[in-house]
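To start, the structure under review is shown below, and the notes come after it.
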Amino acid sequence: MSGRGDSEISETREDRTEAPEGERVEELEDVEDPAQVARRARWTAAAAGVLLTLAGLSASAIRATGSAPALVPAAYALGAAVCALAAFLGSRGRTRRALWLLVTGVMVMALGDQFD
């Protein structure tokens with residue numbers, strides 16, 4: 001808005017900008033459906049949780065076969081379990097909690113790696 005009272009919307013609440021009908025339809029199509037955004041967030045949280053769970057379990061199996069202290073594979077397994085819980089919550093729509101659990105799971109894995 002430019003600050004003028006009549007710049008965009010008149011007193012009758014009509015839009016004064018002269019745009020062809022085709023452009024107005026395109027503007028409406030650009031707006032995303034909130035349900036689609038929520039669905040994408042659920043899929044992203046679930047997929048990230050599954051990916052981090054698999055990575056944690058793989059790292060736990062690799063560290064368990066090596067000469068690392070027992071705390072290291074246990075930390076990877078615990079972090080993978082937290083990420084699995086995050087994947088479950090993310091698939092149920094609890095994406096904020098899932099995000100925090102993913103961060104916590106990765107931090108547990110990283111902390112366990114420091115004991116190696």
Side-chain angles (χ1 to χ4, degrees):
M1 290 184 99
S2 66
R4 295 187 358 229
D6 62 345
S7 62
E8 292 182 21
I9 299 177
S10 68
E11 293 170 2
T12 61
R13 307 302 261 172
E14 293 179 32
D15 191 9
R16 287 193 173 188
T17 58
E18 297 296 324
E21 289 297 320
E23 289 181 19
R24 289 185 184 168
V25 171
E26 289 176 8
E27 289 175 8
L28 293 177
E29 291 175 358
D30 288 340
V31 177
E32 289 191 53
D33 182 26
Q36 181 68 23
V37 173
R39 191 174 303 115
R40 189 179 314 131
R42 283 194 304 268
W43 277 100
T44 302
V50 167
L51 181 68
L52 288 171
T53 299
L54 292 175
L57 290 176
S58 299
S60 177
I62 290 171
R63 296 296 183 146
T65 60
S67 62
L71 185 60
V72 176
Y76 276 112
L78 179 63
V82 171
C83 289
L85 177 62
F88 175 73
L89 289 177
S91 69
R92 297 291 184 175
R94 306 288 186 191
T95 54
R96 288 183 190 159
R97 289 184 181 102
L99 173 67
W100 285 109
L101 283 174
L102 288 173
V103 169
T104 303
V106 170
M107 287 175 57
V108 167
M109 288 185 225
L111 182 65
D113 196 40
Q114 295 299 315
F115 292 113
D116 190 16

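Note that the structure is predicted; figures quoted are calculated from it, not measured. Position 1 is the first residue of the sequence; numbering continues from there.
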Checklist outcome for this item: Here the gap from Asp33 atom CG to Arg40 atom CZ, rounded to the nearest 0.5 Å, amounts to 10.0 Å
Item to check | Same apolar cluster: Val106 and Val82, side chain cutoff 4.5 Å | outcome: no
Next on the checklist: Quick check for you: to the nearest 0.5 Å, what is the distance between Phe88 atom CZ and Arg97 atom CZ?
Outcome noted: 13.0 Å
Item to check | Minimal non-hydrogen separation, Ala86 against Ala98, with atom names | outcome: O-CB, 3.3 Å
Checklist entry - With a 4.0 Å cut-off, would you call Asp113 and Arg63 a salt bridge? => result yes
Item to check | Inter-residue atom distance Leu101.CG - Leu52.CG, 0.5 Å rounding | outcome: 12.0 Å
Checklist outcome for this item: In short, Ala45 meets Thr95 closest at the heavy-atom pair CB-CG2, 4.3 Å
Checklist entry - If you take all heavy atoms of Ala70 and Pro73, which pair is closest and at what distance? => result O-CD, 3.4 Å
Checklist entry - For Gly49, does its backbone N or O pair with a side-chain atom of Thr53 as donor and acceptor, under 3.5 Å? => result yes
Next on the checklist: Nearest 0.5 angstrom please: Ile62 CD1 to Leu57 CG, how far?
Outcome noted: 11.0 Å
Checklist entry - Hey, are the side chains of Val50 and Leu54 touching, using non-hydrogen atoms and a 4.5 Å cut-off? => result yes
Next on the checklist: Grouping I, L, V, M, F, W and Y whenever their side-chain heavy atoms are under 4.5 Å apart, do Met109 and Val72 come out in a common cluster?
Outcome noted: yes
Checklist entry - Rounded to the nearest 0.5 Å, what separation is found between the CG atom of Leu78 and the CG atom of Leu71? => result 10.0 Å
Checklist entry - Of the non-hydrogen atoms in Tyr76 and Gly56, which two are nearest, and what is the gap between them? => result CB-O, 3.6 Å
Checklist outcome for this item: Smallest heavy-atom separation, Gly105 atom then Cys83 atom, equals CA-SG, 4.0 Å
